Student: 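The structure that follows is given in the form of structure tokens.
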4 protein chains.
Amino acid sequence: MKTRDKIIHAALELFNENGEPNVTTNHIAAHMGISPGNLYYHFRNKEEIIHCIFDEYAQELRVRFQPREEAALSSDSLLQYLDAVFMLMWRYRFFYANLPDILSRDSELQHKYLQAQENLHQDIMTVMRHFRTLGLVTLDDEELQSLANTLKLVASSWICYQTAQAPQAKITKAVIYQGVLQILSIIRPLTSAQGREVVLQLESHYCNQVRRDVS
Amino acid sequence: MKTRDKIIHAALELFNENGEPNVTTNHIAAHMGISPGNLYYHFRNKEEIIHCIFDEYAQELRVRFQPREEAALSSDSLLQYLDAVFMLMWRYRFFYANLPDILSRDSELQHKYLQAQENLHQDIMTVMRHFRTLGLVTLDDEELQSLANTLKLVASSWICYQTAQAPQAKITKAVIYQGVLQILSIIRPLTSAQGREVVLQLESHYCNQVRRDVS
Amino acid sequence: MKTRDKIIHAALELFNENGEPNVTTNHIAAHMGISPGNLYYHFRNKEEIIHCIFDEYAQELRVRFQPREEAALSSDSLLQYLDAVFMLMWRYRFFYANLPDILSRDSELQHKYLQAQENLHQDIMTVMRHFRTLGLVTLDDEELQSLANTLKLVASSWICYQTAQAPQAKITKAVIYQGVLQILSIIRPLTSAQGREVVLQLESHYCNQVRRDVS
Amino acid sequence: MKTRDKIIHAALELFNENGEPNVTTNHIAAHMGISPGNLYYHFRNKEEIIHCIFDEYAQELRVRFQPREEAALSSDSLLQYLDAVFMLMWRYRFFYANLPDILSRDSELQHKYLQAQENLHQDIMTVMRHFRTLGLVTLDDEELQSLANTLKLVASSWICYQTAQAPQAKITKAVIYQGVLQILSIIRPLTSAQGREVVLQLESHYCNQVRRDVS
DNA sequence: TATGAATGAGCGTTCATTCAT
DNA sequence: GATGAATGAACGCTCATTCAT
């Protein structure tokens, strides 16, 4: 792994652990055992590091969240889907903890973020229309929009919200799985009998995951 | 108004406007036309100011969100209820934009926050059980818990989420009302015919508010 | 003397001694035995310190170089005149050693500098027209302009030029007096018999000064 | 052209354009498309580059300013003379803008500079004595010394002085020619009738040059 | 109560220079 | 000859906080 990538990952690690405002470029360099000058050899400034982290995040989001025909069909692949998204959010959780501040400092990043959000929204809508076609949910277009917004908001706020509840506690996978369960609990009342089946399967899976993780 | 209170309100104003990390104690003092020394005469440190702001917030939350028997009955008082809560969040919106960071610095505040959250949860549960008794919603206990959690999360994340979407734009009342509408859209699928009536009334009210505010 | 003024004078001293680019704000603070924070309490930044030094310089220049009717008549007051100007340049000599660089960084200062130069030019012209009226020099208007430009250039370049010749040697008063003699040697060929008398008197005075200062 | 020479010329170009203190060794390397390591393979340090630039300058000065018997006779060759000197100064103008600073850092360079100045002085004296012999000027030895000093000072300060007047404006050839005119205006009052003829010819030539260059 | 000068650790960043390859 | 990653001291500057008055 190249130094540049190591910096990105060290920064991500420290940002997640201590919050971006509390991590200085000198901290990152010291943590890695390199000089501050070397860090600035690879990045123009701290902002650029954050930028690059975001790019990695957005790239992964694109890849992981690519809606596929088959994805919607089996509850198995749906499961991988949810897993992937929440894990992604967990790996870049520092970002969610300071989003307004980080974005207000960097209008280019703001633009990229909005783009990513827009893509995400489209993908969620695609997946959900697919569900409707399959008869898993029964919603009109407006309700679908509302649901997509709620899901986006809940998903992207989950980690920040949980962190606020217990900042000292490390965010564990169990917390992530509870987030998925929260999402499922929002969807459940909107499903058809057939859809409910799928949701219940997923819920039982994640309940087990939480139980395993806690113990 | 005493200097101490003036400091609290000046700080709140500046925090909301520029974000807590971007407001120094000297800014606050300069904005008020007092000396930094005087500010520190009234408060041991910046943290204590935030602490006091939180106390005011929690106090107001307690008062405004006191569930009353009659409140649940008329959609009119329910409306005042929702209004009050969202306005409260708007007046203390800086808090929501940096919650994890602020809490991680101050464990006493963290404790108070959890207390307040717990109270809020109980109150929401009380109100919703009342709704159920009145036949407005049809949910079992577990669904009620889930819903309460979702509502709490959506409500408390709304402003932060919207700020991230458009940091340059000031948060207007219209944005707040859209938050209420989002909440209502989550509740709507869970209502009985009778409950739906109430929700629709509220929705039309807030739609009008948004329209009025935008123009 | 207030700290603010002490900073200005400490900065001036260090700038003159070591050159402005080689003097950091921390050097100034350390030299004075104050903290860097205190320095920045009194000045927004290094540029502002330079700005203030220039203001003091320009102010003194205005006062000292105010052409007065009687000034031109006696070689005695002319002498004080020349003394004052060169001493002024000596006290702010750091400025002359880096003028292009300093001005290119600060367009407001650039503007003030041009203003000061313009005033100086007018004053020199006034004095010299006076000389002409008194029959001390015999020059047409165009020659007068040329002479004024030459004198301004020689005077304002003198210290910088001498510093280049011997950077290690401190600029002494003798060097200053030699500058005055250089100026006089430019004027001498342009004088009438009467004017030559005055120049010779001045030259002999400054020759003595140089001799006294060297020994 | 060897890399070593390319570095010298790239550095000269950048120094002239942006001022020596604002040009880093990395800038120079990047501008040339070579690595910083390569630059330091050819030069021990930044100082050495400046040193070499000075050597080229001094070398050219020696060549161009070699006083020749015939040079003094025709105003044509005198013209080439003046042109050459001012152009030389223009090509190495960065040097004049920071002379005291540059020399104070490097005592060896200081020594070379003084040597060059001494040579220049001798050459100017030779030329001017020649003029006297030809009856173009009427000056005693002491006046000749004074004049030589004035001319040296005016010539070597011209570009720095003009840069200070307008740092944003690039120094054009017109500015250079105005410098020559300033020099001529100093000499003019000291000429014989015959000498004045020559000066007037030169002045009209340079006036035309300035006019051509400005338009 | 209030002032405002003063503190000092630490921030993000720069840049002449080195060195293994 | 050449690369380019790496160094580290130092820069200009910030800000929560203190304290004599």
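The sequence lines fix the lettering, A, B, ..., with proteins before strands; numbering per chain opens at 1. Being a predicted model, the structure only gives us computed values, none of them experimental.
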Student: Mapping Asn26(C) and Asn26(B) onto DNA chain F by nearest heavy atom, which one lands closer to the 5' end?
Tutor: Asn26(C)
Student: Is there a donor-acceptor pair closer than 3.5 Å between any side-chain N or O of Glu48(D) and the backbone N or O of Arg44(D)?
Tutor: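 Such a contact is found between Glu48(D) side chain and Arg44(D) backbone.
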Student: Restricting to salt bridge (charged side-chain N to carboxylate O under 4.0 Å, His left out), what partner residues turn up for Asp5(C), sequence neighbours left out?
Tutor: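 Asp5(C): no salt bridge (charged side-chain N to carboxylate O under 4.0 Å, His left out) contacts found.
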Student: Grab the N/O contacts between the protein and nucleotides 19-21 of chain F below 3.5 Å, and write none if there aren't any.
Tutor:
none

Student: Can you measure from CG (Asn38(B)) to CZ (Phe43(B)) and round to the nearest 0.5 angstrom?
Tutor: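 These two atoms lie 10.5 Å from each other.
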Student: Which atom pairs, donor and acceptor, lie under 3.5 Å between side-chain atoms of residues 17-24 of chain C and protein residues at least two apart or in another chain?
Tutor:
from	atom 1	to	atom 2	distance (Å)
Glu20(C)	OE1	Arg105(C)	NH2	3.0
Glu20(C)	OE2	Lys46(C)	NZ	3.3
Glu20(C)	OE2	Arg105(C)	NH1	3.3
Asn22(C)	ND2	Asn18(C)	O	2.7
Thr24(C)	OG1	Asn26(C)	N	3.3
Thr24(C)	OG1	His27(C)	N	2.9
Thr24(C)	OG1	His27(C)	ND1	3.4

Student: Taking salt bridge (charged side-chain N to carboxylate O under 4.0 Å, His left out) as the definition, give me every residue that meets it alongside Glu60(C), ordered by chain and number, with sequence neighbours left out.
Tutor: Arg64(C), Arg91(C)
Student: Using 0.5 Å steps for rounding, measure from the CZ atom of Arg93(D) to the CG atom of Asn16(D).
Tutor: 4.0 Å
Student: Output the distance between atom CD1 (Ile50(A)) and atom CG (Leu12(A)), rounded to the nearest 0.5 Å.
Tutor: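 CG of Leu12(A) is found 11.0 Å from CD1 of Ile50(A).
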Student: Please work out if Ile34(C) contacts a base, only the sugar-phosphate, or nothing of the nucleic acid, heavy-atom cut-off 4.0 Å.
Tutor: sugar-phosphate
Student: Scan His27(A) against the nucleic acid and name what it touches under 4.0 Å (heavy atoms): base, sugar-phosphate only, or nothing.
Tutor: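 Sugar-phosphate: the residue His27(A), judged by heavy atoms under 4.0 Å, touches backbone atoms but no base.
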Student: Can you confirm whether Leu103(B) sits close enough to Thr163(A) that some side-chain heavy atom of one is under 4.5 Å from a side-chain heavy atom of the other?
Tutor: no
Student: List in chain and number order the residues that pass side-chain hydrogen bond (donor to acceptor under 3.5 Å, both in side chains) with Gln59(D), two or more places apart in sequence or in another chain; answer none if no residue qualifies.
Tutor: Arg62(D)
Student: Pairs under 3.5 angstrom only: tabulate donor-acceptor contacts from the side chains of residues 94-102 of chain C to other protein residues two or more places apart or in another chain.
Tutor:
from	atom 1	to	atom 2	distance (Å)
Tyr96(C)	OH	Tyr57(C)	OH	2.4

Student: Can you measure Leu39(C) atom CG to dC11(F) atom P for me and round it to whole angstrom units?
Tutor: 13 Å
Student: Could you identify which residues of residues 41-48 of chain B place a heavy atom less than 4.0 Å from some atom of DNA chain E, listed by residue number, or say none?
Tutor: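 Nucleic-acid contacts, sorted: Tyr41(B), His42(B).
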Student: So, using salt bridge (charged side-chain N to carboxylate O under 4.0 Å, His left out) as the criterion, who are the partners of Glu13(C) when residues are at least two apart?
Tutor: none
Student: When rounded to the nearest Å, what value does the distance between C1' atoms of dT1(E) and dT21(F) take?
Tutor: 13 Å
Student: As a check on the pairing definition, encode DNA chain E in dot-bracket form, counting Watson-Crick and G-U wobble pairs whose two distances are under 3.5 Å, and using | for partners outside this strand.
Tutor: .||||||||||||||||||||
Student: With sequence neighbours left out, write down each residue that passes side chain to side chain contact (heavy atoms under 4.5 Å, CB included) with Ala30(C), or none if nothing qualifies.
Tutor: none
Student: Name every residue in residues 10-24 of chain C that has at least one heavy atom under 4.0 Å from any atom of DNA chain E, in order of residue number, or write none if there are no such residues.
Tutor: none
Student: Output all residues satisfying side chain to side chain contact (heavy atoms under 4.5 Å, CB included) with Gln165(A), sequence neighbours left out; order by chain, then residue number.
Tutor: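 Testing Gln165(A) for side chain to side chain contact (heavy atoms under 4.5 Å, CB included), a comparison that skips the adjacent residues, returns Tyr161(A), Gln162(A), Tyr113(B), Leu114(B), Gln117(B).
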Student: Please check the phosphate of dG1(F) (OP1 and OP2 only) for any side-chain N or O of Thr3(D) closer than 4.0 Å.
Tutor: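 False: Thr3(D) side-chain N/O out of range (4.0 Å or more) of dG1(F) OP1/OP2.
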Student: Measure NZ/Lys2(A) against C1'/dA6(F) and give the value in whole Å, please.
Tutor: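 One finds 14 Å between C1' of dA6(F) and NZ of Lys2(A), rounded.
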Student: How far does NZ of Lys6(A) sit from CE of Met1(A), to the nearest 0.5 angstrom?
Tutor: 6.5 Å
Student: Check the phosphate of dG12(E) against Thr25(A), side-chain N and O only, distance under 4.0 Å to OP1 or OP2. Yes or no?
Tutor: yes
Student: Return no unless some side-chain N or O of Ser35(A) is found under 4.0 Å from OP1 or OP2 of dT7(F).
Tutor: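 Answer yes for this pair, as a side-chain N or O of Ser35(A) is under 4.0 Å from OP1 or OP2.
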